[in-house]
K.L.:
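Before I ask anything, let me first share the structure, which is written out below as C-alpha cells.
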Amino acid sequence: CVAFWLLWAPYHLWGAIAAWGIAEVAYQGFGLLLLLRRMPFRFSFAPTYLAFLSVVGLSVVFARYSANKGLLISGIIWLALVGGFFLAARYSWSEIRRLTLMVLPSRVSAVVLS
C-alpha cells in the first residue's frame, strides 16, 4: 500500500504496476519462507526455480519466432517445454502423472492415463 502511494504520483499507471510487483514479490517470498519452515518433506527450490526460469525464457524465444505458426505447432512446442521443465526439475513419473490428472478433465484423464 505504501509503495502504491509513493509511486503513483510520479509514475501513475507504471507506478501502480511497479507497486503491485513489489507487493507480489514480498507476498510470494513470505509464503515461501513459511513453506520452508513447515514443509513435511525435503524440497530443493533452486533446481525447480532455475528450470522454471529457463522454460519461461525459452517460451518467450519460441513465442517470438513461432507467432505466425499454427495452433498445433505452438501446442507441441509448449508441451515440449513443459516436459523439459519436468525433466530439469527432476519430477518423477508418478508426480507428472498426478499433476496431469489434476489438469485434465476427469473423463479424458481416465482414458489417457489409465
K.L.:
Using a 3.5 Å cut-off and no angle test, enumerate the donor-acceptor pairs between side-chain atoms of residues 8-24 and protein atoms at least two apart in sequence or in another chain.
P.N.:
residue : atom : partner : partner atom : Å
E24     : OE2  : Q28     : NE2          : 2.9

K.L.:
Are Y91 and V82 linked, directly or through intermediate hydrophobic residues, by side-chain heavy-atom contacts shorter than 4.5 Å (ILVMFWY only)?
P.N.:
yes
K.L.:
Please say yes or no: joined through hydrophobic side-chain contacts below 4.5 Å, possibly via intermediate residues, are F52 and V25 part of one cluster?
P.N.:
no
K.L.:
Do F85 and L81 have side chains that get closer than 4.5 Å, going by heavy atoms?
P.N.:
no
K.L.:
Linking I/L/V/M/F/W/Y whenever their side-chain heavy atoms sit closer than 4.5 Å, directly or via other members, would V56 and L50 fall into one cluster?
P.N.:
no
K.L.:
Rounded to the nearest 0.5 Å, what separates atom CD1 in I96 from atom CG in L87?
P.N.:
6.0 Å
K.L.:
Taking all atoms of both residues into account, what is the closest heavy-atom pair of R90 and E95, and its distance?
P.N.:
O-OE1, 4.3 Å
K.L.:
Is it possible for you to say whether V60 and L53 belong to one hydrophobic cluster, with membership spreading through side-chain heavy-atom contacts below 4.5 Å?
P.N.:
no
